[in-house]
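Nothing here was measured: the structure is a model prediction, and the numbers come from that model.
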Amino acid sequence: LRPIIATACAAVFLSAPPALAQTADMCTLIARNPDWIPILQTVEQTYGVTPGAVLAVIDQESRFNASARGQGASGANPQRNFGYSQANLRTWNWFLRESGYEGTHSRTDFAASAHFIGWHFVEHMDSINAPVSDTYRHYLVYKQGLGGYRRGASAASQRLARTIARRAATADSQLDGCGL
């Protein structure tokens, strides 16, 4: 029985998504995905959203799983919330119409998802009277929608948004240290 339990425990431990180990060190994550560097730089130049903020949102929403389903806003529909950014189809199509983004149109594409996050922050900047650097408030809107944000965030949502803002700041600090 013990060998079976040990094998089962090892299987659970080893089957954890690899991104969980990668995200503790953003330099390692970027070293494993060097094609993300110019994408993150372009998002920062275009929208003013830092690489750390983009990576923190993607990490929270999908754990860097391009085909993740069902996260996103409260009550999210797993058939509609999809990809790196967990964008729902309605908001994704709004992004494509309004942004003029000319890359791939797939939510499974890292570049498109990173641009979506940058666009989302800028799109709601005036509505919530917050600069794009305010990851806390922008993540609340990202997670709850503008209506949910205006109605007021729950304590749990506020804690999560503070965590994302801290992770974004830590990621930016790490990325500065490794030359991004």
Side-chain angles (χ1 to χ4, degrees), residues 6-73 76 78-89 91-92 95-96 99 101-122 132-136 138-140 142-143 159-180:
T7 302
C9 289
V12 168
F13 177 75
L14 294 174
S15 67
L20 295 175
Q22 294 172 346
T23 57
D25 178 1
M26 289 297 168
C27 293
T28 300
L29 177 68
I30 291 300
R32 291 179 181 164
N33 300 282
D35 53 320
W36 291 359
I37 295 170
I39 295 164
L40 293 167
Q41 290 170 331
T42 300
V43 169
E44 185 170 29
Q45 291 166 357
T46 303
Y47 302 103
V49 178
T50 67
V54 171
L55 294 173
V57 170
I58 290 174
D59 183 20
Q60 178 61 38
E61 294 299 304
S62 68
R63 296 291 189 254
F64 299 101
N65 176 357
S67 59
R69 289 188 178 273
Q71 300 299 309
Q79 300 307 314
R80 292 180 49 205
N81 294 69
F82 181 68
Y84 281 113
S85 63
Q86 289 297 291
N88 70 48
L89 190 55
T91 308
W92 183 261
F95 156 67
L96 294 175
S99 71
Y101 181 71
E102 296 184 11
T104 179
H105 295 94
S106 173
R107 293 176 283 173
T108 63
D109 179 71
F110 180 84
S113 293
H115 279 268
F116 172 81
I117 292 165
W119 169 84
H120 197 282
F121 276 35
V122 168
V132 293
S133 60
D134 188 342
T135 303
Y136 168 77
H138 282 286
Y139 187 72
L140 283 173
Y142 192 90
K143 194 68 173 172
R159 279 191 302 276
L160 177 59
R162 278 193 295 276
T163 298
I164 299 305
R166 281 192 304 272
R167 286 168 52 197
T170 298
D172 281 326
S173 178
Q174 289 176 354
L175 294 168
D176 284 345
C178 60
L180 179 68

Trainee: When rounded to the nearest 0.5 angstrom, what is the spacing between CG in Leu175 and CG in Leu40?
Mentor: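 That separation rounds to 7.5 Å.
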
Trainee: Could you check whether any side-chain N or O of Arg107 sits under 3.5 Å from a backbone N or O of Ala87, counting only pairs where one atom can act as donor and the other as acceptor?
Mentor: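 A pair under 3.5 Å: yes.
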
Trainee: Between Leu96 and His105, is any pair of side-chain heavy atoms under 4.5 Å apart?
Mentor: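 A side-chain contact under 4.5 Å exists here.
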
Trainee: Assess whether side-chain hydrogen bond (donor to acceptor under 3.5 Å, both in side chains) is satisfied between Asn88 and Thr91, documenting all intermediate values.
Mentor: CA-CA 6 Å; Asn88 70 48; Thr91 308; 3.0 Å; yes

Trainee: Before giving the answer on side chain to side chain contact (heavy atoms under 4.5 Å, CB included), spell out for Asn33 and Asp35 the whole-Å C-alpha distance, their side-chain angles and the decisive distance to 0.1 Å.
Mentor: CA-CA 5 Å; Asn33 300 282; Asp35 53 320; 4.2 Å; yes

Trainee: Any donor-acceptor pair under 3.5 Å linking the side chain of Arg63 with the backbone of Asp59?
Mentor: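 Yes; judged by distance alone, with no hydrogens or angles, the pair exists.
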
Trainee: For Asp109 and Ser106, does a side-chain donor sit closer than 3.5 Å to a side-chain acceptor?
Mentor: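 Their side chains do not contain a donor-acceptor pair, so the 3.5 Å distance test is not met.
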
Trainee: According to ring-ring contact (aromatic ring centres under 6.0 Å, His included), who are the partners of Phe95, at least two apart in sequence or on a separate chain?
Mentor: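 ring-ring contact (aromatic ring centres under 6.0 Å, His included) list for Phe95, sorted by chain: Trp92, Tyr101, Phe116, Trp119.
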
Trainee: Do the ring planes of Trp36 and Phe110 sit parallel (below 30°), tilted (30 to 60°) or perpendicular (above 60°)?
Mentor: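 Geometry flag for Phe110 against Trp36: parallel rings.
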
Trainee: Rounded to the nearest 0.5 Å, how far does CZ of Arg167 lie from OH of Tyr139?
Mentor: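 Between Tyr139 OH and Arg167 CZ, I get 8.0 Å after rounding to 0.5 Å.
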
Trainee: Which atom pairs, donor and acceptor, lie under 3.5 Å between side-chain atoms of residues 43-57 and protein residues at least two apart or in another chain?
Mentor:
| unit_1 | atom_1 | unit_2 | atom_2 | d |
| --- | --- | --- | --- | --- |
| Thr46 | OG1 | Thr42 | O | 2.8 |
| Thr50 | OG1 | Ala53 | N | 3.2 |
| Thr50 | OG1 | Asp172 | OD1 | 3.4 |
| Thr50 | OG1 | Asp172 | OD2 | 2.6 |

Trainee: Looking at Gln86 and Ala68, would you say the former's side chain and the latter's main chain have a donor-acceptor pair under 3.5 Å?
Mentor: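 Checking the backbone N and O of Ala68 against the side chain of Gln86, a donor-acceptor pair under 3.5 Å is found.
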
Trainee: If you round to the nearest 0.5 Å, how far is CD1 of Ile37 from SG of Cys178?
Mentor: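 Rounded to the nearest 0.5 Å, the SG-CD1 separation comes out at 7.5 Å.
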
Trainee: Starting at CD of Gln60, measure out to OH of Tyr142 and round the result to the nearest 0.5 Å.
Mentor: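 Reported to 0.5 Å precision, the distance equals 11.0 Å.
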
Trainee: Please evaluate residues Phe82 and Thr108 with respect to the criterion side chain to side chain contact (heavy atoms under 4.5 Å, CB included), reporting the C-alpha separation (whole Å), side-chain torsions for both, the decisive distance (0.1 Å), and the verdict.
Mentor: CA-CA 8 Å; Phe82 181 68; Thr108 63; 3.2 Å; yes

Trainee: With rounding to the nearest 0.5 angstrom, report the CG to CG distance, Asp25 to Leu29.
Mentor: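 Those atoms lie 8.5 Å apart.
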
Trainee: In Å, rounded to the nearest 0.5 Å, how long is the span from NE2 of His120 to OG of Ser85?
Mentor: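 Result: 9.5 Å between the selected atoms.
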
